[in-house]
Amino acid sequence: MVTEQLDFSIKSSKNILLVSHINPDGDTLGSMCGMYSLIKDNYKKMCDMVVVSPYPTTYDFLPYADKVKSLKEMDLSREYDLVINLDVADIERCADARILFEKAKQSVNIDHHETNTGYGDINIVEPDAAATAEVLYGICEKLNWTISKESAECLYVGLMTDTGCFRFSNTTERAMTYSGKLITVGLDPADVYQKCYESNSKNMVLFQSYCVNKAQFANNDKIAYTVVYKKDMEKYHHTEGEDFTDGLTEKLRAIKTTEIAFVVKELGANISKVSMRSRTANIAQVCSVFGGGGHKLAAGAVIKSNVEDAVKQILDVINNKNLC
Ligand code: 5GP
Ligand code: MN
């Protein structure tokens with residue numbers, strides 16, 4: 001039903017905007033570029049695409065990434081016929097693109113976060129899907145959309161990155177079946193893997209080792225965490241084009257005793273960002289306390305405190321909820 005509404009909306013719209021979430025990851029970018037490619041091939045329509053903060057240059061290889069615009073390049077007074085948010089759990093996660101979303105004649109919210117509030121005119125939200133790219137693949141099947149090699153590459157990036165290369169607990173039979181089907185239209189999984197995960201700078205790998213090396217532990221090693229200061233990022237010559245902390249939290253969860261792992265990153269004087277992972281505990285509820293969210297085992301939030309206070313508050317919330 002909702003997919004038919006989406007089909008009708010695309011058909012009846014002249015100008016369409018696709019939106020990804022702040023601090024873009026492989027799923028939001030893969031889903032956005034994938035949607036661009038799918039609409040181009042199946043409806044012969046070109047969409048606009050916007051990122052609300054810089055994305056890692058790792059993803060420059062994505063088909064149509066060269067068409068992506070920054071928020072600065074957008075006319076925020078424009079009224080689009082249709083705006084589609086991809087992988088945006090709540091409307092705040094797309095910063096000022098929210099203005100365009102709310103102004104649109106019709107708005108669509110395609111996502112897989114359990115915490116998604118259903119803020120669009122049309123909501124296609126499937127918490128059982130491993131990635132928004134998986135939700136998109138389901139839409140392709142329902143609407144009989146043709147999937148080109150370019151579309152497949154984009155969707156595969158979403159599926160591969162959100163499942164941690166098909167290792168996390170969200171890796172279902174469906175996620176793997178869809179990925180397999182994407183391979184049949186010609187994408188090369190080893191090539192995509194290398195582009196996403198083996199294209200880091202020397203500085204980034206050394207920086208992550210440094211962060212792991214100074215990790216701290218609590219609750220009999222059931223909690224593992226580390227903090228990331230701006231000055232340390234600068235020392236390792238961090239550039240805006242690289243997500244220096246990508247995959248860092250998982251490195252702490254790799255320790256056998258870890259139940260909950262988190263990384264707190266300094267964003268400014270009194271503002272920090274937490275990235276949290278767990279083995280079994282529901283940590284989306286921990287991040288919700290700070291106005292963030294995500295999934296049961298992978299969540300995040302922005303906390304209005306310095307790094308040290310943020311750590312204390314996070315430990316308090318975990319302990320108050322008796323999570324481990
Ligand atoms: P990461 O730790 O990789 O940044 O994010 C893990 C998961 O938590 C992702 O699914 C992401 O969408 C979600 N997430 C991360 N940061 C935030 C945040 O500030 N707010 C919300 N609502 N979700 C977040
Ligand atoms: Mn996602």
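Remember, it's 1-based here, ligands and their atoms both numbered in the order they're listed. Quick note: residue numbers are just sequence positions, from 1. Values below: all heavy atoms of this structure, side chains included; hydrogens, waters and symmetry mates excluded.
The closest protein non-hydrogen atom to atom 7 (C) of ligand 1 is A298 O, 3.4 Å. Closest to atom 11 (C) of ligand 1, if we only count protein heavy atoms, is R93 NH2, 3.7 Å. Regarding atom 19 (O) of ligand 1, its nearest protein heavy-atom neighbour is A301 CA, 3.4 Å.
Counting atoms of ligand 1 from 1 in the listed order, those under 4.0 Å from a heavy atom of V302 are 19 (O).
Heavy-atom neighbours of K273 NZ from other residues, nucleotides or ligands within 6.0 Å: above the threshold of 12. Taking a 6.0 Å sphere around NZ of K214, one finds it holds more than 12 heavy atoms contributed by other residues, nucleotides or ligands.
Taking backbone and side chain together, H112 holds an N, O or S atom under 2.8 Å from the Mn ion (ligand 2).
Under 4.0 Å from ligand 1, not a single heavy atom of H21 appears. By the criterion of a heavy-atom distance under 4.0 Å, both the backbone and the side chain of S275 are placed next to ligand 1. Counting heavy atoms closer than 4.0 Å to ligand 1, residue D90 contributes side-chain atoms (C-beta onward) but none from N, CA, C or O.
In plain terms, the two heavy atoms of A97 and L71 that are nearest each other are N-CD1, 3.9 Å. Of all the heavy atoms in E242 and S201, the pair that sits closest is OE1-OG, 2.6 Å. Considering every non-hydrogen atom in both V51 and M32, the closest pair reads CG1-CE, 4.1 Å. Closest non-hydrogen pair, P63 versus C33, comes out as O-CB, 3.4 Å. Of all heavy-atom pairs spanning Y210 and Y236, the tightest one is CB-OH, 3.5 Å.
Closest to the Mn ion (ligand 2) among the N, O or S atoms of D87 is OD1.
No side-chain donor from either of H112 and N170 sits under 3.5 Å from a side-chain acceptor of the other.
With the Mn ion (ligand 2) as the vertex, OD2 of D27 and OD2 of D162 span 90° to the nearest 10°.
In terms of N/O distances under 3.5 Å, ligand 1 is approached by G293.
Between atom 5 (O) of ligand 1 and the options H113, R277, H295, E114, the minimum heavy-atom separation is to R277.
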Assess the residue pair R93 and D90 against the criterion (salt bridge (Lys or Arg N to Asp or Glu O under 4.0 Å)); give the C-alpha distance rounded to whole Å, side-chain angles, the decisive distance to 0.1 Å, and a yes or no. CA-CA 6 Å; R93 297 264 296 152; D90 60 72; 5.3 Å; no
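Distances shorter than 4.0 angstrom occur between a heavy atom of K273 and an atom of ligand 1.
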